[in-house]
Amino acid sequence: MKKILSILLTVFVLFGLVACASTPAADGDAGIKVFMVGDSTVASFNDPYYYPRYGYGTKMGDYLEGVEVVNYALSGRSSKSFLVEENYTKLQNEIKKGDFLIIGFGHNDEKTETARYTNPVLDEKDPTSFQYHLYEKYIKLALDAKATPILATPIVRRSPKGEYTGSVIHQTNTEGDYVGGDYAQAIRDLGKKYKITVIDLTTITKELYETVGPEVTLKYHAWLTHKPDSVDNTHLNAYGASVVAYNVAKELAASKNKLGKYVKQGIVEPVEVLVLDKNPSYVIPKYETPTASDKSAYWVTSDPWRGTVFGDCGGAEKINPEAGMFEITENGKTISMRSGTSDGTSVGKIASSSDGIAFYFQMLPIDKDFEFSATATVKFAANNNQVAFGLMARDDVYFDKFDNSIKSDYVVAGAIGLASTPWNGSFQRASAALVKNPASVEAKPAAGTTVDLKLIKKGNEYTMIYGNEAPVTVVAELNDVDKENIFVGLFTSRCIGVDYTNVKLIVK
């Protein structure tokens, strides 16, 4: 018996010694933290989605040991806009000697808004540049605290067609006052200049996505609903976040960076069946066709017109007129509509992943043809590609509903892509994909622009006319959600104000 106990004790001691020898914390490193900052591709979420969003920062702890991962990344932030957040202040106060800081910005530094945009071309000495913000506000912060900074280039946006060029890989074009460039290369150059480790996630994810193809990458990304066409091509799901975090860890282990010794031994690439789980709280939504008496609780209009705000509109509290974010007003024969404010506040969007709009409309039987026309006068418009306005015919409608999963089909005679050259004077959503029609030759609809719009339905053909542009005709069924009705009206989204006059809807 004594011999057995002696053997067991020896085994326990040996196991303990082995465990201690393989755990970095045993080397006197207890309390070391890995701070993470960045945008939505790094951040954590609490989503109602079918496959919820996960930033890769939420999965880094699965591949590291002996350190604590502190994820301070926030959705929608750039290296510039993050500086005013409480999480940046926390980072400043908490980072200490021996810690690590992984810096993952880029997606939103490309945005046209002044609050987020940083110049990708200028070097770190220019206070307007991407490199300046990365170096002065993050790298130096870590170095001054005797912590180790690590740069990560942004992951690619998923391309449904498998084409990885241009803005999908964060290479933007100079257009007017907007200076474009290669954001990932700016990070690589900065890392090389200051001998900072760079995890090149742009290259890694580009090569991975091109190799596995669109059907597999579909499984890496968040789905707003149970339908594959609701995929969010920017944001990862739990499986995609694990795949990216695994690649970060693999790169660290192969590097000379001190964080490499904290990567778990024998890490393996995530397995889809073990990681990709749908949200257990998700309920397949049921659509209810509006009755003749259904109306908004907020927007007062004259029959047969009705007003509503719905979709990805920034939150339920933004819909109430008292919030001052939207406007749908009948002023005699003028319909004044607004999404956002003239001082630059944005609400709603027309984006690849979801829509949020103010809508002034009539409900018609799906088998009715019509000719719809109006004159639009732009009062203000932000230089943003999610800003849009015009005449819309769509599959479904909702009253006063905040829901960022709405991504139904529609056609528009109007404007979108106001930050692009060329911009687009007609567009549609078809099978959930946003399709912009041939480039416009008309001047961009800045403040003061007046343009005539027309939308004509003949069966399942819709002809869209923007000003003096050539008519664009498309085929659209618009009966996937509501089988019996179509909804025709005026809309605004994101940050624009429009007065609509000469509004005529002739039903045939």
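Predicted model, so just to flag it, every value in this text is computed and none were measured.
- In this structure, Asp47 contributes its side chain and Tyr49 its backbone to no donor-acceptor pair below 3.5 Å.
- Under 4.0 Å is where a charged nitrogen must lie from a carboxylate oxygen, and between Arg157 and Glu163 no such pair does.
- Judged by the 6.0 Å and 45° rule, Lys454 forms no cation-pi pair with Phe372.
- Side-chain contact annotation: Asp200 with Thr203, donor-acceptor N/O pair under 3.5 Å present.
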List the steps, then state whether ring-ring contact (aromatic ring centres under 6.0 Å, His included) holds for Tyr88 with Tyr138. CA-CA 9 Å; Tyr88 183 71; Tyr138 301 95; 5.6 Å; yes
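- Using modelled atom types, no side-chain atom of Asp403 and backbone atom of Asp312 make a donor-acceptor pair closer than 3.5 Å.
- Two residues are said to be in side-chain contact when any heavy atoms from C-beta on lie closer than 4.5 Å; Phe82 and Val37 meet this criterion.
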Salt bridge (Lys or Arg N to Asp or Glu O under 4.0 Å) between Asp409 and Arg429, intermediate numbers included: CA-CA 5 Å; Asp409 286 2; Arg429 192 177 289 284; over 6 Å; no
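- In this structure, Arg394 pairs ionically with Asp396, as a charged nitrogen and a carboxylate oxygen lie closer than 4.0 Å.
- Side-chain contact between Leu505 and Trp305: present, with at least one pair of heavy atoms (C-beta onward) separated by less than 4.5 Å.
- Checked by atom type, the side-chain pair Thr58/Ser44 shows no donor-acceptor distance below 3.5 Å.
- Interatomic distance, CG of Leu252 versus CG of Asn257, reported as 6.0 Å (0.5 Å rounding).
- Side-chain atoms of Asp355 and Tyr410 include a donor-acceptor pair closer than 3.5 Å.
- Within the 4.5 Å cutoff, side-chain heavy atoms of Val248 are placed close to those of Met60.
- By the 4.5 Å heavy-atom criterion applied to side chains, Thr473 and Tyr462 are not counted as neighbours.
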Test salt bridge (Lys or Arg N to Asp or Glu O under 4.0 Å) applied to Lys80 and Glu136, step by step: CA-CA 11 Å; Lys80 179 181 178 181; Glu136 292 290 335; over 6 Å; no
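- Atom CZ of residue Arg494 and atom OG1 of residue Thr345 lie 10.5 Å apart, to the nearest 0.5 angstrom.
- Looking at Glu469, its side chain does come within 3.5 Å of a backbone N or O of Val441 through a donor-acceptor pair.
- The shortest side-chain heavy-atom distance between Asn385 and Lys111 does not fall under the 4.5 Å cut-off.
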Test log, rule salt bridge (Lys or Arg N to Asp or Glu O under 4.0 Å), inputs Lys227 and Asp480: CA-CA 12 Å; Lys227 297 181 179 181; Asp480 181 56; 3.3 Å; yes
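- Between the CD1 atom in Ile139 and the CD atom in Gln131 there is a gap of 9.0 Å [rounded to 0.5 Å].
- A donor-acceptor pair under 3.5 Å is formed between the side chain of Thr112 and the backbone N or O of Asn383.
- Panel note: side chain Asn320, backbone Glu322; a donor-acceptor pair is recorded below 3.5 Å.
- Rounded to the nearest 0.5 Å, atoms CG (Asn46) and CZ (Arg53) are 10.0 Å apart.
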Go through it in stages, so that I can follow the logic: the residues are Thr450 and Thr377, the test is side-chain hydrogen bond (donor to acceptor under 3.5 Å, both in side chains), and I'd like the CA-CA distance, side-chain angles, deciding distance and then a yes or no. CA-CA 4 Å; Thr450 296; Thr377 300; 3.2 Å; yes
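- Side-chain N/O atoms of His133 and Thr118 include no donor and acceptor closer than 3.5 Å.
- With respect to Lys379 and Asp499, a salt bridge is recorded, a charged nitrogen being found less than 4.0 Å from a carboxylate O.
- The backbone N or O of Val347 sits nowhere less than 3.5 Å from a side-chain atom of Ser339 that would complete a donor-acceptor pair.
- A donor-acceptor pair shorter than 3.5 Å cannot be found between the side chains of Glu251 and Asn247.
- Each of His170, His235, Arg116, Arg77 was scored for a side chain to side chain contact (heavy atoms under 4.5 Å, CB included) with His107, with one residue passing: His170.
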For the pair Glu461 and Lys457, evaluate salt bridge (Lys or Arg N to Asp or Glu O under 4.0 Å) and give the outcome as yes or no after the intermediate values. CA-CA 6 Å; Glu461 290 188 347; Lys457 177 181 184 293; over 6 Å; no
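- In this structure a side-chain-to-backbone donor-acceptor pair under 3.5 Å is present from Lys444 to Ser420.
- Using a 4.5 Å heavy-atom cutoff, the side chains of Glu442 and Tyr466 are in contact.
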Run Tyr51 and Asp232 through side-chain hydrogen bond (donor to acceptor under 3.5 Å, both in side chains) and show every step you take. CA-CA 10 Å; Tyr51 288 140; Asp232 179 334; over 6 Å; no
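- No side-chain donor-acceptor contact under 3.5 Å links Thr329 and Ser336.
- Between Tyr220 and Tyr209, the ring-plane angle classifies as tilted under the 30° and 60° cut-offs.
- The main-chain N or O of Ser296 is never found under 3.5 Å from a side-chain atom of Thr308 such that the two would form a donor-acceptor pair.
- The distance from the CD atom of Gln386 to the CD1 atom of Ile496 is 13.5 Å, given to the nearest 0.5 Å.
- Heavy-atom neighbours of Lys137 NZ from other residues, nucleotides or ligands within 6.0 Å: at or below the threshold of 12.
- In this structure, the separation between CD on Glu110 and OG on Ser78 is 10.5 Å, given to the nearest 0.5 Å.
- Defined by atom type and a distance below 3.5 Å, a donor-acceptor pair is present between the side-chain atoms of Gln171 and Asp182.
- When only modelled atom types and interatomic distance are considered, Asn502 and Thr375 share a side-chain donor-acceptor pair under 3.5 Å.
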CA sep, side-chain torsions, deciding dist, call: Val411, Leu455, side chain to side chain contact (heavy atoms under 4.5 Å, CB included): CA-CA 9 Å; Val411 294; Leu455 181 59; 4.1 Å; yes
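- Ser354 places no side-chain N or O within 3.5 Å of a backbone atom of Ser405 that could act as its donor or acceptor partner.
- A heavy-atom distance below 4.5 Å is found between the side chains of Tyr500 and Met337.
- For the residue pair Asn384 / Glu113, a side-chain donor-acceptor distance below 3.5 Å is found, with atom types taken as modelled.
- Here the rule is side chain to side chain contact (heavy atoms under 4.5 Å, CB included) with Ile155, and of Val42, Val243, Leu236, Thr202 only Leu236 fits it.
- Asp395 places a side-chain N or O within donor-acceptor distance of the main-chain N or O of Val481, the cut-off being under 3.5 Å.
- With hydrogens and angles left out, the side-chain atoms of Glu330 and Tyr360 include a donor and acceptor closer than 3.5 Å.
- No hydrogens or angles considered: nothing links the side chains of Asn119 and Ser129 as a donor-acceptor pair under 3.5 Å.
- Within the structure, the ring-ring contact (aromatic ring centres under 6.0 Å, His included) test picks out the following pairs touching residues 181-207 (sequence neighbours left out): Phe130-Tyr183, Tyr135-Tyr194.
- Considering only heavy atoms from C-beta on, Leu490 comes within 4.5 Å of Ile335 through its side chain.
- Under a 4.0 Å N-O distance rule, the pair Lys407/Asp229 does not qualify as a salt bridge.
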